[in-house]
Amino acid sequence: MNSSIINILEILKAAKSLKSLGFSSGYNFDKKRADEYFKELIQNIHPTSPVFAGILILEMSKDGNDFTIIDGLQRITTICLLLCTLCDAYKGESKTNEDARHKILTRYLLNKDDVKLQLKGKDKKIYSKIVQNEGLTQRESQTNLFETYESFFQQLKEKKISATNLFNIISRLQFMVVFTDKSKIPTRELYQSLNKDKDDLSQINLITNFITQNCGEAKQTWRLVVSNFKNLELSFALKNFLRDFLTIQNNGQIPSESALYNSFKNYFIEISEYQPPQQIINNIKKYSSYYLKIIQAEFDDYEIQNLIAMINENNGQDSYPYLMEVLDDMENDLISKEMFLEILKMINEFVTRRNSADCPNDMM
């Protein structure tokens with residue numbers, strides 16, 4: 001592992017490819033943040049000294065030309081969008097500007113006919129279209145990635161910043177770049193340690209990567225779990241389910257949101273000593289079906305449905321781990337429906353009293 005202070009253009013020029021790990025939840029600049037970033041950037045339009053822009057951590061291939069971005073994906077993506085903005089500004093202006101546009105594209109953004117920066121998911125296609133100046137669909141044009149790019153271009157025009165001046169600013173951006181070799185430490189572990197305080201879908205992506213690498217065919221079952229939440233437009237709830245599921249497995253100890261991946265990994269390693277991966281993931285899938293029924297209050301039995309709905313309305317979400325366990329008991333005929341109903345009534349009484357105690361007297 002070694003580090004250097006390097007100009008961002010040197011990195012982009014040297015790289016044949018810059019690959020995203022795919023753990024982060026995607027590009028999350030919105031228009032407001034893009035405008036603020038552009039304003040901060042052009043404050044450096046007159047000085048000539050280098051501008052320190054942060055830290056990048058890259059895993060380097062053996063030949064030194066292909067890089068995997070462990071940390072700094074958003075920073076690199078933002079710089080590439082700014083370079084795309086320059087290409088748009090130079091387009092068709094003059095032969096000199098066309099030559100400048102061609103140099104930016106071929107040196108920093110493209111490797112032959114493919115883009116150097118390889119994003120994941122829907123951002124991959126959208127970014128490629130931006131770089132290669134292809135038309136986007138209406139849905140693609142409403143993404144954060146494209147709206148940030150469009151905002152940069154509008155700011156360039158509104159503030160009457162010349163493309164040459166913006167290029168000079170970018171050429172002065174210096175990063176401390178830490179280069180790592182491929183090692184026995186998985187890149188997801190490095191990413192987790194660097195981003196442990198981030199509360200976003202990266203935790204789910206890390207878990208998905210772990211399952212993909214360690215669970216063989218069981219990874220298909222996990223994909224079904226993810227799809228079930230996604231198809232119901234409840235992707236945000238998957239992380240909450242995993243926290244509640246792991247709470248059950250850890251005897252009531254609730255894992256923190258930022259350590260969800262580590263908690264899952266520790267649970268999986270411990271239980272895999274006596275259960276095969278498929279059985280572990282099947283159990284997760286079973287409990288996820290319970291969780292979806294609970295949060296949606298979807299039960300064939302009207303009494304159960306009504307009582308579950310009341311728990312949800314009364315903010316009784318902290319009872320979900322226990323509810324999943326007793327629902328599993330009822331499904332396996334370990335308790336009767338009548339007993340389950342009594343448990344639901346007790347939970348409702350508790351959350352109702354708790355809510356009443358939390359309300360100030362002048363509001364009751």
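Please read all numbers here as calculations on a predicted model, not as lab measurements.
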Counting distance only, does the side-chain N/O of [X] pair as donor-acceptor with the main-chain N or O of [Y] below 3.5 Å?
X	Y	result
Ser272	Gln275	no
Glu325	Tyr322	no
Asn306	Tyr302	no
Gln296	Leu292	yes
Lys16	Lys116	no
Ser151	Glu147	no
Ser128	Lys124	no
Asn228	Leu224	yes
Asn250	Leu246	yes

**Item:** Result of checking Asn144, Asp88, Thr143, Thr85 against Tyr149 for side chain to side chain donor-acceptor pair (under 3.5 Å)
**Value:** Asp88
Neighbour count >12 (heavy atoms, 6.0 Å) for atom [atom1], [X]:
X	atom1	value
Lys285	NZ	no
Gln220	CD	yes
Glu134	CD	yes
Lys125	NZ	no
Asn332	CG	yes
Glu233	CD	no

Do the side-chain N and O atoms of [X] and [Y] include a donor-acceptor pair separated by under 3.5 angstrom?
X	Y	value
Asp99	Thr96	no
Asn282	Gln278	yes
Thr78	Gln74	no

Exercise: identify the closest heavy-atom pair between [X] and [Y]:
X	Y	result
Tyr127	Cys80	OH-CB, 3.3 Å
Cys87	Leu109	SG-CD1, 4.2 Å
Ser141	Phe146	O-CD2, 3.3 Å
Ile8	Ile170	CG2-O, 3.6 Å
Ala218	Ile281	O-CG2, 3.7 Å

**Asked** Do the ring centers of Phe245 and Tyr267 come within less than 6.0 Å of each other?
**Response** yes
**Item:** Aromatic ring proximity Tyr287/Tyr290, centre distance under 6.0 Å
**Value:** yes
Approximate separation, where rounding is to 0.5 Å, of [X] [atom1] and [Y] [atom2]:
X	Y	atom1	atom2	result
Glu331	Lys286	CD	NZ	9.0 Å
Asn348	Ile311	CG	CD1	4.5 Å
Leu12	Leu117	CG	CG	8.5 Å
Asp318	Thr247	CG	OG1	10.5 Å
Ile42	Gln155	CD1	CD	7.0 Å
Ile104	Cys84	CD1	SG	9.5 Å

With a 4.5 Å heavy-atom cut-off, do [X] and [Y] have their side chains touching?
X	Y	value
Asn214	Pro277	no
Asn7	Leu9	yes
Phe229	Ser288	yes
Ile347	Leu323	yes
Ile76	Phe67	no
Ile211	Phe268	no
Leu119	Leu73	yes
Glu270	Gln249	no

**Request:** Give me the one residue out of Tyr291, Phe236, Tyr320 that meets ring pair (Phe, Tyr, Trp, His ring centres under 6.0 Å) with Phe241.
**Result:** Tyr291
**Message:** Between Glu342 and Lys345 (salt bridge meaning N to carboxylate O under 4.0 Å), is one present in this structure?
**Reply:** yes
**Message:** Using side-chain contact (heavy atoms from CB on, under 4.5 Å), reason through Phe264 and Ile284 one step at a time and then give a plain yes or no.
**Reply:** CA-CA 11 Å; Phe264 179 87; Ile284 293 173; 3.6 Å; yes
Under a 4.5 Å side-chain heavy-atom rule over Ile, Leu, Val, Met, Phe, Trp and Tyr, are [X] and [Y] clustered together?
X	Y	value
Leu232	Val225	yes
Phe153	Leu145	no
Leu307	Met339	yes
Met324	Ile254	no
Leu334	Leu327	no

**Item:** Derivation of the side-chain contact (heavy atoms from CB on, under 4.5 Å) call for Lys19 and Ile69
**Value:** CA-CA 6 Å; Lys19 298 176 182 177; Ile69 305 167; over 6 Å; no
**Request:** Any chance you could lay out the salt bridge (Lys or Arg N to Asp or Glu O under 4.0 Å) test for Lys239 and Asp244, step after step, and finish with the verdict?
**Result:** CA-CA 9 Å; Lys239 184 170 64 175; Asp244 288 344; over 6 Å; no
**Prompt:** side-chain contact (heavy atoms from CB on, under 4.5 Å) with Asn312: which of Asn314, Ile308, Asn315?
**Reply:** Ile308
**Request:** Begin from the C-alpha positions of Leu105 and Val131 and carry the test side-chain contact (heavy atoms from CB on, under 4.5 Å) through to its verdict.
**Result:** CA-CA 8 Å; Leu105 280 170; Val131 173; 4.0 Å; yes
**Message:** Using side-chain contact (heavy atoms from CB on, under 4.5 Å), reason through Leu341 and Ile304 one step at a time and then give a plain yes or no.
**Reply:** CA-CA 7 Å; Leu341 287 170; Ile304 294 175; 3.7 Å; yes
